[in-house]
There are 2 protein chains.
Amino acid sequence: MFKGQYTHTIDAKGRLSIPSKLRKSVSVSSDQFVMTKGTAPCIEIYPADEWKTIEEKLLKLNPFKPEEALFIRLITQYATDDTLDSQSRILIPPPLLDYASIEKEKDVLILGALKRIEVWNPVKYDEYLKRFNESYEEIAAKVMS
Amino acid sequence: MFKGQYTHTIDAKGRLSIPSKLRKSVSVSSDQFVMTKGTAPCIEIYPADEWKTIEEKLLKLNPFKPEEALFIRLITQYATDDTLDSQSRILIPPPLLDYASIEKEKDVLILGALKRIEVWNPVKYDEYLKRFNESYEEIAAKVMS
DNA sequence: GGAGAAGTGGGGAAAAGTGGTGAAGTTATT
DNA sequence: AATAACTTCACCACTTTTCCCCACTTCTCC
């Protein structure tokens with residue numbers, strides 16, 4: 001499972017190197033990833049295996065229900081798969097960078113979040129945290145009870 | 001189960017040696033630990049086995065629910081695993097040191113707390129204790145009845 | 001007081017992260 | 001249809017950080 005936080009930079013070509021500790025968390029030899037737009041304003045990266053389980057859930061939705069069809073469009077529209085290059089980097093497509101307000105040659109915050117990796121604009125992540133008024137203890141008590 | 005208190009120093013590289021008495025409390029040959037931010041202003045260190053039970057709870061949460069996703073981010077962001085080096089030390093990442101107000105080359109208070117080990121800035125621990133008005137005797141009566 | 005264990009400090013090899021160049025393939029233009 | 005220009009992707013090289021190992025000091029327990 002992914003965990004930890006890391007600060008890397010997106011280079012001028014839109015490449016992002018995946019922290020080695022996160023790479024080691026992935027089931028061996030699977031350097032295939034799928035990235036898509038996050039439900040929060042970030043980029044979500046899934047190992048290919050994990051993406052399959054999400055895809056299965058999507059397949060159970062009914063595309064004739066407008067709302068479910070919309071969700072399918074939104075999530076698949078931005079989905080891209082890629083394999084790591086020889087320097088363990090993935091190439092992030094411009095639409096995803098736009099969505100997450102990430103600029104090339106700037107620092108990004110990489111979060112390990114169990115089954116997925118999240119990539120944030122550090123400023124946006126701060127703003128995101130501030131939107132919630134509750135303290136860590138309060139949330140822990142509510143969610144983990 | 002961990003118990004006792006110890007005073008060690010964080011070295012210039014952010015390393016902390018785990019007291020030998022605590023090491024002996026851990027189930028044999030498991031020198032794998034996971035540390036994360038405490039609900040109190042300290043660092044919590046769990047043996048890897050113990051952490052798994054926490055992780056299982058987290059995996060049952062639904063990352064498409066905003067509040068549950070937030071909690072996953074908060075707890076996993078600070079989670080780091082590490083194994084003891086040949087001198088029985090672990091490396092504590094800067095974000096955790098910041099959170100617990102611990103500086104390098106300073107003394108820290110290490111507490112054995114049953115299933116986990118806690119690392120405190122000694123000053124912060126005093127402040128923490130003073131926040132509670134009740135006496136030891138009163139708390140005991142309330143909690144243990 | 002001595003021997004062994006525990007705790008602290010530091011240096012060097014190896015890996016991780018970043019930047020860049022060149023070849024191959026694609027598109028466009030003459 | 002051929003050539004030029006641009007984009008894409010794989011590979012190479014350098015810098016920085018990490019981590020592993022060795023050495024010394026201090027404390028503990030006979």
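Proteins get letters first, then strands, A, B, ... in listed order; numbering begins at 1 in each.
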When you compare the protein's N or O atoms with those of nucleotides 25-30 of chain D, which come within less than 3.5 Å of each other, and at what distance?
none

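If you take CD1 of A:Ile90 and P of D:dT8, they are 16 Å apart, rounded to a whole angstrom.
Note: A:Phe132 and A:Tyr128 have perpendicular aromatic rings, judged against thresholds of 30 and 60 degrees for the angle between ring planes. The aromatic rings of A:Trp51 and A:Tyr46 are tilted relative to each other, their planes meeting at an angle between 30° and 60°.
Looking at heavy-atom distances under 4.0 Å, B:Ser20 makes contact with sugar-phosphate atoms alone, never a base. Looking at heavy-atom distances under 4.0 Å, B:Ile18 makes contact with sugar-phosphate atoms alone, never a base. Within 4.0 Å (heavy atoms only), B:Ser88 reaches no atom of the nucleic acid at all.
Ion pair A:Lys3/B:Asp81 flagged as a salt bridge, since at least one NZ, NE, NH1 or NH2 atom sits closer than 4.0 Å to an Asp/Glu carboxylate oxygen. Taking a cutoff of 4.0 Å between a charged side-chain nitrogen and a carboxylate oxygen, B:Glu127 and B:Lys130 do not qualify as a salt bridge.
At a threshold of 4.5 Å between non-hydrogen side-chain atoms, the residues B:Leu114 and B:Phe2 do not count as touching.
Cation-pi geometry between B:Lys37 and A:Tyr136 is met: under 6.0 angstrom from the ring centre, within 45 degrees of the axis.
Nucleotides of DNA chain C lying under 4.0 Å from heavy atoms of chain A occupy a range whose first and last members, 5' to 3', are C:dA16 to C:dT21.
Comparing B:Gln87 and A:Arg89 by the nucleotide of DNA chain D whose heavy atom lies nearest to each, the residue mapping closer to the 5' end is A:Arg89.
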